[in-house]
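Below is one structure, written out as structure tokens; comments come after it.
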Amino acid sequence: MAAIHDLINQIQDPALRAKIEQEVEKLTKQKKFGLVFEEHLPECTPLYDIPVRKGLKVSVRDGKANETC
């Protein structure tokens, strides 16, 4: 956080500097609770004991696990 404060101190306009300092202080006081979700591609895991049925996504045995047919 020292880097952001150094950058704020470089602002010439005192009113703008004060407003930005207040907003940064509000953001640093906020705490996030609960789970944080990230967007990512689902992982692929081979399931050897599951029979192949119509409608299932499967990968080619010689291909990569994330390439489905």
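Given the structure is predicted, the values throughout are model-derived calculations rather than measurements.
- Between R17 and E21, none of the side-chain N atoms (NZ, or NE/NH1/NH2) sits under 4.0 Å from a carboxylate O, so this pair counts as no salt bridge.
- For the atom pair OG1 (T28) and CD (E23), the distance works out to 11.0 Å, reported to the nearest 0.5 Å.
- Cluster membership check: L16 does not share its hydrophobic cluster with L7, using side-chain heavy-atom separations under 4.5 Å among Ile, Leu, Val, Met, Phe, Trp and Tyr.
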